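What follows is a short report on a single structure.
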Amino acid sequence: MLAGSPSDAPPTTLVLTLPDGSTREVPFGTFPREVVATIGARLLQASIAVAVDGDVQDLMTPLRKSGAFVVLTDKDPRALAVMRHSAAHILATAVRRLRPDAHIGFGPAIDDGFYYDFEVAQPFTPDDLDAFEAEMRKVIAEKYPFVREEVSLSEARKRFVDDPLKLERLDDFEGSDEVISTYTDGPFIDLCRGPHVQDSSYLRHFKLLSAAGAYWRGDEKRQMLQRIYATAYFKKEDLDARLQQLEEAKKRDHRVLGKQLDLFQLFPVSPGGVFWTPKGTIVYNTLEAFVRERQHEMFREIKTPLLYTKKLWEQSGHWGKYRENMFLVLDKETGEHDMSLKPMNCPSHHLYYASQRHSYRELPIRYVTFDVLHRNELSGALSGLTRVRQFAQDDCHVYLREDQIADEVQLLMNFILSYYDTFGLTARLKFATRPAERIGSDELWDRAEAALRAALESTGRAYELKEGDGAFYGPKIDFDVTDSIGRAWQLGTIQLDYNAPERFDLQYTGEDNAAHRPVVIHRAVSGSFERFIAILIEHFAGAFPVWLSPEQVRVLPIAPDYNEHAEAFVRRLKAAGIRAHLDARNETLNYRVREGEMQKVPYMCVIGRREAEENTVALRVRGTGKKQEILSTDAFFDRVVDEVRTRALTPMADATSDVSEATA
RNA sequence: GCUGACGUAGCUCAGCUGGCAGAGCAGCUGAUUUGUAAUCAGCAGGUCGUGGGUUCGAAUCCCACCGUCAGCUCCA
């Protein structure tokens, strides 16, 4: 490379290659600011940071290597994180001015903004946030340059003598040769490796969003800091768009829509338990039937008990690793809480597998169970349908030979992804490896991770690596589904398990007539029906495709004269299994149409004199307003029956419906 | 569980510094007989989350508990 000698001595001259192909030779340690200034003064003003050989650094960090030299302006996506990180410092600057007692933690940029953690005696209030925001605008107006200094460990300790959290962080540098740097903007100094924008005026469009507690260093045994979340953008339109997206998310919130559409209820007497209303139960059962239908061929559904003695959980390892999350039940004969509601189906499937002899020819064997599971989640973790204490998974365990892993993973992945396709959902794959808290030897983990990874890679799909995020018994592939406003949720999972077969002494008889150990794969598609329905509600903004809609067709006679005709049509639809309802209430058509739209009924058939005479319906498709279609009752009937049969995504949700506003 | 905010009619929300609990929608009754997002009128509806305390007097102030929410931790 141009960087020169392979010796340890740093090169004295660096060679920078600009995007136009020209090169600059500069002394080692030159500031990028000086290089950019020679290119152009306007560019210097516009530059947020630079990338040297692909690594982003700021303009005040000395250049230490040669390579491609790219100036990052606000057009470059990498510049946004730099600006947001600086915004975090500006926030801290403002907080320190108004609350000099605040000790500072960390303040990074995150995916959609930034945060900063403070240790304060009095937690922040919404009024405080307003005050901080106003103070930040002053800091911005003062245009403080971000000044970088590289200091020794002992010097750093002196500078942060009043900041215990920073001192603790500095302990990590003991014995390391990493450069310790500080950044100062006006009155505020922070231990930080950067990069930063040139001065505080580069922060323009931002908003403080919320304040909440967060454990120091993410450790629940440590003190709780106060974290302020915020976001910032280069352009006002981007900030406005983000804030509007947050508003839209609120309207689509499954808890809000669940109430408006009467899908489910939560009662204080069952925290984390869900009451499914008649309409919600239809959605739930329809989904379950769908999974069941798709699994019909290769999977064997079984039902197993909900309650087991601790002996089973000791064998499975849950008693040691998962007991805190289990609902323990008093056995009145022993006087102990040594029974438990099952938090997972795995052990019961293993028990059943082990109860029979299996030939290598039978494998893979797939058991599926939709039973209710109970997990005693922390009260503060509960949230709507996405985090509950009682739920059901479409839970499958596959027993297979090691040589079948790749094929099986491929099969399960296709199953899961095509299931999501039905709903127009796309998944991001994540590969999660051994966690700190785990069972099984490292050797087993090595094999499991290698096997699952190989199977995943053989599919050729992109995935993200999540170190240490696996289940306590094995590595896994998680399927994160992104809803229509870009939020990710973990739903499906494929987990490879070499541990359970050992613990449950699972066997099959091989070709050699000897006993062999099968491997277990845990699989869920929906994640849980509860969470999946929450995602569907938000994804469709409550406007389910016709096959999933609790009410598929609403028939509206214009006047009592046509009630009989309308009723006959409803009967015909119902006989074909269509969820059709007659709305012949003594209300205006406008009133009834409005209500049908608000309830997001996919199809409303209006029947008046013309329709009754000509045997047609005036069809109003959800979300399309006055654009009615006149078609024969037969044509409509066929259309609906066909859409239900094919599980079509029609009628497409008009997500921008402003109805929720009108009801507020 | 931890930090903070919140809890008023079935729903959405008013009710400022303590002084007789309100609106809209939904519901009920009646009139109206409706051609694609709210016809009109009347009626009814609340231990102000629960339990304590302060006060002549508490939806309002204080404490505890329960629940919900935003996060943290954990997680399908």
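Predicted, not measured: the structure shown is a model, and the values here were computed from it.
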### Task
Please give the nucleotide sitting opposite B/A44 as a Watson-Crick or G-U wobble pair, both distances under 3.5 Å, or none.
none
### Message
Taking any heavy-atom pair under 4.0 Å as a contact, classify A/K627: base, sugar-phosphate, or nothing.
### Response
nothing
### Message
Classify A/G527 by what it touches in the nucleic acid, base, sugar-phosphate, or nothing, heavy-atom distance under 4.0 Å.
### Response
sugar-phosphate
### Task
Inspect the surroundings of CZ in A/R294 and state if more than 12 heavy atoms from other residues, nucleotides or ligands are less than 6.0 Å away.
yes
### Message
Just to be sure I understand the rule, does A/R592 reach a base, reach only the sugar-phosphate, or reach nothing, if contact means heavy atoms closer than 4.0 Å?
### Response
nothing
### Query
Expressed as a whole number of Å, how far does the C1' atom of B/C25 sit from that of B/U68?
23 Å
### Query
NA contact type, A/G384, heavy-atom cut-off 4.0 Å: base, sugar-phosphate, or nothing?
sugar-phosphate
### Criterion side-chain contact (heavy atoms from CB on, under 4.5 Å) against A/P602, the qualifying member of A/V546, A/V640, A/V621, A/V553
A/V546
### Mate of B/U54 where both pairing distances stay under 3.5 Å, Watson-Crick or G-U
none
### Message
How about CD on A/E564, more than 12 heavy atoms from neighbouring residues, nucleotides or ligands closer than 6.0 Å, or not?
### Response
no
### Message
In whole Å, measure the gap between the P atoms of B/G22 and B/A44 for me.
### Response
13 Å
### Summary
By the Watson-Crick or G-U definition, both distances under 3.5 Å, B/U39 is matched with B/A31
### Task
Kindly assign one of parallel, tilted or perpendicular to the pair A/F124 and A/F118, based on the angle between their ring planes and the thresholds 30° and 60°.
perpendicular
### Task
Specify the separation, in whole Å, of atom CD of A/E530 and atom C1' of B/C75.
14 Å
### Message
Categorize A/F532 for me: base, sugar-phosphate, or nothing, with a 4.0 angstrom heavy-atom threshold over every strand shown.
### Response
nothing
### Query
Side chain of A/I558: nearest nucleotide among B/C11, B/U34, B/U73?
B/U34
### Task
Consider the side chain of A/V388, meaning its heavy atoms from C-beta on, and name the nucleotide among B/A76, B/G71, B/G67 that approaches it most closely.
B/A76
### Message
Mind checking if A/E611 touches a base, just sugar-phosphate, or nothing, with heavy atoms under 4.0 Å?
### Response
base
### Task
For A/R387, answer base if it contacts any base atom (sugar-phosphate contacts may also be present), sugar-phosphate if it contacts only those atoms, and nothing otherwise; contact means non-hydrogen atoms under 4.0 Å.
base
### Task
Report the C-alpha separation of A/K430 and A/I477 in whole Å, then their side-chain angles, then the decisive distance to 0.1 Å, and conclude whether the side-chain contact (heavy atoms from CB on, under 4.5 Å) test is met.
CA-CA 5 Å; A/K430 294 195 307 196; A/I477 302 170; over 6 Å; no
### Query
Base, sugar-phosphate, or nothing: which does A/Y591 touch, judged by heavy atoms less than 4.0 Å apart?
sugar-phosphate
### A/W216 CH2 - B/U73 C1' separation (whole Å)
16 Å
### Query
When all nucleic acid strands are considered with a 4.0 Å heavy-atom cut-off, which category describes A/L491: base, sugar-phosphate, or nothing?
sugar-phosphate
### Task
For A/G218, answer base if it contacts any base atom (sugar-phosphate contacts may also be present), sugar-phosphate if it contacts only those atoms, and nothing otherwise; contact means non-hydrogen atoms under 4.0 Å.
sugar-phosphate
## Note on the structure
Answer for the Watson-Crick or wobble partner of B/C65, both distances under 3.5 Å, is B/G49
### Query
Hey, does A/A211 reach any base, or is it just sugar-phosphate, or nothing, if we go heavy atoms under 4.0 Å?
nothing
### Query
Who does B/C2 pair with, Watson-Crick or G-U, both distances under 3.5 Å?
B/G71
### Message
Looking at A/K221, I'd like to know whether one of its side-chain N or O atoms comes within less than 4.0 Å of OP1 or OP2 on B/U73.
### Response
no
### Task
Decide whether A/Q393 and A/S528 meet the rule of one side-chain donor and one side-chain acceptor closer than 3.5 Å.
no
### Query
Hey, is CG on A/D101 packed in by over 12 heavy atoms from elsewhere, all under 6.0 Å?
yes
### Query
How would you label the contact of A/V269 with the nucleic acid (heavy atoms, under 4.0 Å): base, sugar-phosphate, or nothing?
nothing
### Message
Over all strands shown, is A/Q226 touching base, sugar-phosphate only, or nothing at heavy-atom distances under 4.0 angstrom?
### Response
sugar-phosphate
### Query
Taking atom C1' in both B/A59 and B/A14, what distance in whole Å separates the two?
12 Å
#### Entry: B/G42 and B/A26, which share atom name P, separated by this distance in whole Å
15 Å
### Query
With sugar-phosphate meaning primed atoms plus P, OP1 and OP2, does A/Q628 contact a base, only sugar-phosphate, or nothing at under 4.0 Å between heavy atoms?
base
### Task
Would you please confirm or rule out a distance under 4.0 Å between OP1 or OP2 of B/U39 and any side-chain N or O of A/T588?
yes
